[in-house]
2 protein chains.
Amino acid sequence: MRREVTLRDVAELAGVSSRTVSNVVNGYANVTERTRERVQRAVDELGYRPNVLARNLAQGRSGQIAVVVPYLDTPYFSELLQSVIRAARVSGYNVLIDQTDGDPEHERAFIAHGSRRLLFDGVIFSPLGLDQQALADRDRTLPLVILGERASDGSFDHVGIDDVAASRLATEHLIDLGRRRIAAIGDQPYATGEAAQRRTRGFREAHAARGLTPREELIISTPRFNRPDGARAMEHLLDLAEPPDAVFCYSDLVALGAIRTIVSRGLRVPEDIAVIGYDDIEDGRFSNPTITTISPDKEMIATTAVDRLLLRITSESPPPGLELRAPFKLVERESTTGRVSPR
Amino acid sequence: MRREVTLRDVAELAGVSSRTVSNVVNGYANVTERTRERVQRAVDELGYRPNVLARNLAQGRSGQIAVVVPYLDTPYFSELLQSVIRAARVSGYNVLIDQTDGDPEHERAFIAHGSRRLLFDGVIFSPLGLDQQALADRDRTLPLVILGERASDGSFDHVGIDDVAASRLATEHLIDLGRRRIAAIGDQPYATGEAAQRRTRGFREAHAARGLTPREELIISTPRFNRPDGARAMEHLLDLAEPPDAVFCYSDLVALGAIRTIVSRGLRVPEDIAVIGYDDIEDGRFSNPTITTISPDKEMIATTAVDRLLLRITSESPPPGLELRAPFKLVERESTTGRVSPR
DNA sequence: CTACGCTTTTGCAGCGCTGCAAAACACAGC
DNA sequence: GCTGTGTTTTGCAGCGCTGCAAAAGCGTAG
């Protein structure tokens, strides 16, 4: 394999210094048109391509951002990632992906001072079990944007929707349909993450706002927000003496699992039990029945996260850590209204 | 921000040369226990972390592999990616992800000689529209493993299941259930990729093997293998004078879309129309009904792809390009048998 | 003609590590 | 004590680029 073409080779051919070639390649301002043309010709003739590794070392940055999610195969995350990758590419950044399987140790390692530092210039992080201690111990020189779980302590940005308000909206929707025995699937009272608790709070607030009291035995905890957990929780609910007539699921996957259980027991959604989900993943638009859900603006979450992270990376003094709220809306589909709805 | 600790700093403290520190850090053999200990102590005391960028430049490799998929939010790919990331991490490689949106130009750019070369040491590529020309023009110094579409020309490895045999098995399953008007959704007769054609071939072979002739008007082409395409194709089929009594869908997503259409027209699956899918994604294990499907061994596909790629990266002379076949099996669920089946 | 300020180009050091080959050391045998 | 062999350590160059500061060029004013 013959040696790669370097800046020096181009410089020699063009009869200028290698620094000038660098200036041309990087589009710096102060280069005369004549020089630029001459260099460009040499670049083209030799087929020169900058060596990214060398540039990285010289600049002390990698041009990469890492995105860390618990599970890559969760549709919510893969849909989000898709937008993150697009947004990053627009700014010339590559995206390195890692999944933690929700393992707190792994999560902690990722933002601690680590050997992988410098491999990425910043991190967009969607933690599950990250506790305050891990956040406090983290590498503070590493630009960080957190999605979902943790409120900002001022040293990083947090992007997400207002979970309490969204959950309240979802629950009120069920109440307003006339349902009175409403279950909630997905609480995690002992988790270090906060998203589940915020949803439960919204669930309670909705009841309070309508002068109702939620039944505690209908609030079901699950380890994760996936289909099997939703299916299991629903089985438990159906085995109660007085099963619910509606369920607020903390993710669409949970809703899909719950619906599966309901249907396989010969009950109907929404006639017997209305179900509402959270996330608005594509599955819910094609399932039987289609799922009413809270739809966060994922595109905005992704672009906001990337923009803030790049700002953090490029700015001299670290900008203040912000709480950034993306909009969300309630999308009514068959699983609560029974009406066939447009996708 | 204070300067990072370098090899030289450690060397100074330990009273050895920086090269020796490097040897210790990298676990080379010929270092006496005494020296190793002394150096290790210095490393710990200073909290030294190797600078990945510098190492990359010196070694001329990045320790990263790129995985290129058409759509990240397609469950088949995200499930596969999950396994690829795990397998790569075991060998100390990071995974850079890119999605092409199926754009042939983007796909071509990725394997052509490019400025991003050196950012990754090899590529695992799942192309959609890559043609022979693009493959021929590619950067041949870039280790490459292709998933799915393209058979190997000997200069790269190809990992996948036997699509013809799998499709034949799927179709025979429908025939053996007594169905005679069997449709196929997902053909792409003019695509540059080969997967769709191979599935259609298996579909035809199954008919031939049973002494039947497939009805051409029941073989439906779709631009992609997703839910909306499946739903649309099914609408077309139901509008025919003689609709099918079974459908072989070229992906589970297509099957989900098709089932959605069937159910929303008031028909039943499988009583009126049996549906079989392809890929065995989690959605199909929780949908209503659950989906009978061809289940490729994704874990094996992922680990095989990573192993072969790393072999290609590390070996002196390029190994021969192989055709590697992963096993698959037929998983019977409700959408064809009507029986409630274990997950 | 010289001085001055501005634009363009250059030279060099150095980012922090590893490859290579030579040097130093250790030990055994004569 | 000296030689030879094998092990351990070292020094240096260099990966290919960019930051920095100095040098060169260039035009205008005095």
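Convention: sequence-line order gives letters A, B, ...; per-chain numbering from 1.
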Taking N or O atoms only and anything under 3.5 Å, show me the protein contacts with nucleotides 22-25 of chain D, one pair per line.
none

Base-contact (B) and sugar-phosphate-only (S) positions in nucleotides 4-10 of chain C, heavy-atom cut-off under 4.0 Å, - elsewhere: ----BSB
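- Scored by the side chain to side chain donor-acceptor pair (under 3.5 Å) test, B:Thr74 finds no partners at all (sequence neighbours excluded).
- In this view, A:Glu299 satisfies the salt bridge (charged side-chain N to carboxylate O under 4.0 Å, His left out) rule with no residue, not counting sequence neighbours.
- By the side chain to side chain donor-acceptor pair (under 3.5 Å) test, A:Ser91 pairs with no residue at all, sequence neighbours left out.
- Not counting sequence neighbours, B:Arg224 has no partner by the salt bridge (charged side-chain N to carboxylate O under 4.0 Å, His left out) test.
- Listed by first then second residue, pairs satisfying salt bridge (charged side-chain N to carboxylate O under 4.0 Å, His left out) with a partner in residues 69-81 of chain A read A:Glu79-A:Lys298, not counting sequence neighbours.
- Each end of the helix from C:dC1-D:dG30 to C:dC30-D:dG1 gets its own axis from five base pairs, and the two axes differ in direction by 60°, given to 10 degrees.
- Partners of B:Asp101 by salt bridge (charged side-chain N to carboxylate O under 4.0 Å, His left out), not counting sequence neighbours, listed by chain and number: A:Arg86.
- Applying the side chain to side chain donor-acceptor pair (under 3.5 Å) rule to A:Tyr93 yields the partners A:Arg61; only residues at least two apart in sequence or on another chain are considered.
- Take B:Arg312 and apply the salt bridge (charged side-chain N to carboxylate O under 4.0 Å, His left out) test, not counting sequence neighbours, and it matches B:Asp157.
- Near DNA chain D, meaning a heavy atom under 4.0 Å from it, residues 53-62 of chain B has B:Leu57, B:Ala58 in order of number.
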